[in-house]
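Positions are given from 1, in the same order as the sequence printed here.
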Amino acid sequence: MKVLVIGAGNMGLTYAEGMSKSKLLKKRNIMVLDKSEEKMEELSQISHFDAFSELGDCVPKADIIFIAVKPYHAETVFKAIKGFVKPEQIIISIMAGVTISTIKDITGLSKVIRAMPNLPAQIGKGLTSYVTSPEVSRIEMLTVESLLDTTGKSVRVSNENLIDASTGISGSGPAYVFYFMQSMMEAALQMGFSKTDSTVLVSQTFTGAVELFNQSNLSPNSWMEKVASKGGTTRAALDSMEDNNVNELIKEAAFAAFSRAVELGKEN
């Protein structure tokens with residue numbers, strides 16, 4: 001099996017690097033295509049990839065074609081590969097808002113998978129949600145899932161609306177965490193901590209809290225109750241958040257990302 005990744009940006013290379021470690025693929029069965037001369041120079045230094053700049057040299061060889069370009073390049077890329085693709089090939093797209101029907105219509109291919117990764121994939125801790133067209137067999141789906149899992153975990157969803165929704169939760173979610181971390185670090189600085197100590201205080205607090213959550217069956221609410229005692233410091237902080245409607249504001253932010261993903265689909 002050969003996999004072609006079109007687009008050698010951060011996420012494209014992340015998946016190429018992850019998949020290169022898969023037991024499903026033999027060495028040098030990952031092909032990466034990019035039009036940038038700078039990227040081609042970078043790719044030429046990576047021994048476990050075959051680098052290409054011309055579609056005709058690599059698209060016909062691929063069993064799975066991974067599209068990792070910006071959504072506004074979608075139509076151009078799909079039209080360009082149409083003359084080289086074969087009916088049995090599978091396309092995986094990680095472009096926000098680009099629907100399966102759009103990919104089918106332009107490429108003429110029927111086996112299409114739409115996926116939404118997130119940034120922690122770069123360190124093997126990512127979450128990729130995905131949905132398949134009906135033409136993708138169960139064996140093909142499991143093969144693709146194994147490849148996606150090389151960058152963390154994957155979740156199969158039942159329809160494309162949930163791909164847009166996962167954009168608002170897991171896709172954009174790391175930025176929400178960083179936003180909260182930044183606010184806490186700024187508060188620590190204002191309290192008198194050094195920048196270094198502020199960073200350690202906040203990062204270790206997040207790491208520890210996530211580990212506690214992952215190693216138990218308790219809900220976030222249950223953990224909050226464990227930390228917050230009546231009349232105590234944590235309860236004062238949580239009461240402040242409740243008074244300022246932080247819970248609803250976070251949900252509104254997630255729905256804003258979800259709505260934008262839907263809008264991108266209509267634009268594309």
Whichever hydrophobic residues join V262 through chains of side-chain contacts under 4.5 Å: F255, F258
I65 vs V85 side-chain heavy atoms within contact, under 4.5 Å: yes
Exam field: side chain S146 to backbone L142, donor-acceptor pair closer than 3.5 Å: yes
Side chain to side chain, I30 and D50, heavy atoms closer than 4.5 Å: no
M31 side chain reached by V3 side chain, heavy atoms, under 4.5 Å: no
K153 atom NZ: more than 12 heavy-atom contacts under 6.0 Å: no
Flag side-chain contact, heavy atom, 4.5 Å: V136 against V112: no
Co-membership, hydrophobic cluster, residues M224 and V210, 4.5 Å side-chain: no
Pairwise distance CD1(I90) to CD(E135) - rounded to 0.5 angstrom: 11.5 Å
Polar contact flag, side-chain donor to acceptor under 3.5 angstrom, S222-S219: yes
Under-4.0 Å salt bridge between D164 and R114: yes
CD-OG distance between E160 and S166, expressed to the nearest 0.5 angstrom: 11.0 Å
Nearest-0.5 Å distance, CD1 of residue I100 to OG of residue S110: 11.0 Å
Any donor-acceptor N/O pair, K86 side chain to P60 backbone, under 3.5 Å: yes
N118 side chain to S170 backbone, donor-acceptor under 3.5 Å: yes
M95 and its side chain to side chain contact (heavy atoms under 4.5 Å, CB included) partner, picked from V77, L264, T102, I67: I67
Within-4.5 Å side-chain heavy-atom neighbours: F78 and V98: yes
More than 12 heavy atoms of other groups within 6.0 Å of Y179 OH: no
Lys/Arg-Asp/Glu bridge criterion (N-O < 4.0 Å) met for R260, E263: yes
Worked check of side-chain contact (heavy atoms from CB on, under 4.5 Å) between S53 and L33: CA-CA 5 Å; S53 59; L33 178 140; 5.9 Å; no
Heavy-atom donor-acceptor pair, N244 side chain to S240 backbone, under 3.5 Å: yes
Within one Ile-Leu-Val-Met-Phe-Trp-Tyr cluster: L119 and L127, side-chain cutoff 4.5 Å: no
Sole residue of E37, E42, E41 in salt bridge (charged side-chain N to carboxylate O under 4.0 Å, His left out) with K39: E42
Donor-acceptor pair between T99 and S101 side chains, under 3.5 angstrom: yes
ILVMFWY cluster membership beyond F193 - transitive side-chain contacts under 4.5 angstrom: M191, L201
K195, NZ atom: more than 12 neighbouring heavy atoms under 6.0 Å: no
Note, T107 side chain near I91 side chain (heavy atom, < 4.5 Å): yes
Same apolar cluster (I L V M F W Y, side chains within < 4.5 Å links), I6/F49: no
Full working for side-chain contact (heavy atoms from CB on, under 4.5 Å) between M1 and T143: CA-CA 10 Å; M1 181 172 62; T143 298; 3.8 Å; yes
Heavy-atom side-chain contact between L147 and I64 under 4.5 Å: yes
Atom pair CD/CE of Q190 and M185 - distance to nearest 0.5 Å: 12.5 Å
Nearest atoms (heavy-atom pairs only) where A68 meets G12: CB-CA, 3.7 Å
Donor on one side chain, acceptor on other, T150 and Y15, under 3.5 Å: no
Fellow cluster residues of W223, listed by chain then number, with links counted only when side-chain atoms sit under 4.5 Å apart: L212, F213, L218
K226 NZ: over 12 foreign heavy atoms closer than 6.0 Å: no
side-chain contact (heavy atoms from CB on, under 4.5 Å) between Y130 and V155, worked out: CA-CA 6 Å; Y130 73 96; V155 173; over 6 Å; no
M181 vs V177 side-chain heavy atoms within contact, under 4.5 Å: yes
Donor + acceptor pair across side chains of E211, Q215 (<3.5 Å): yes
Trace of the side-chain contact (heavy atoms from CB on, under 4.5 Å) decision for K82 with I106: CA-CA 7 Å; K82 186 173 183 178; I106 302 177; 5.6 Å; no
Hphob cluster co-occupancy, I169 + I163, side-chain heavy atoms under 4.5 angstrom: no
Spacing of H48 atom NE2 and M19 atom CE [to the nearest 0.5 Å]: 11.0 Å
R138 vs E145, salt bridge (Lys or Arg N to Asp or Glu O under 4.0 Å): CA-CA, chis, key distance, verdict: CA-CA 10 Å; R138 177 167 175 77; E145 187 172 280; over 6 Å; no
ILVMFWY cluster, I92 and F84 together (side-chain gap under 4.5 Å): no
Side chain S203, main chain T199, donor-acceptor under 3.5 Å: yes
Short side-chain donor-acceptor distance under 3.5 Å, S36 and E38: no
Salt bridge flag under 4.0 Å for residues E225 and R235: yes
Over 12 foreign heavy atoms within 6.0 Å of CG, N10: no
Atom pair CD1/CD1 of I113 and I94 - distance to nearest 0.5 Å: 13.0 Å
Polar side-chain atom of E186 near backbone of S183 as donor-acceptor pair, under 3.5 Å: no
Any side-chain donor near an acceptor of the partner, D149 and S154, under 3.5 Å: yes
Pair E140-S137, side-chain donor/acceptor within less than 3.5 Å: yes
Donor-acceptor pair, side chain of D34 and main chain of M40, under 3.5 angstrom: no
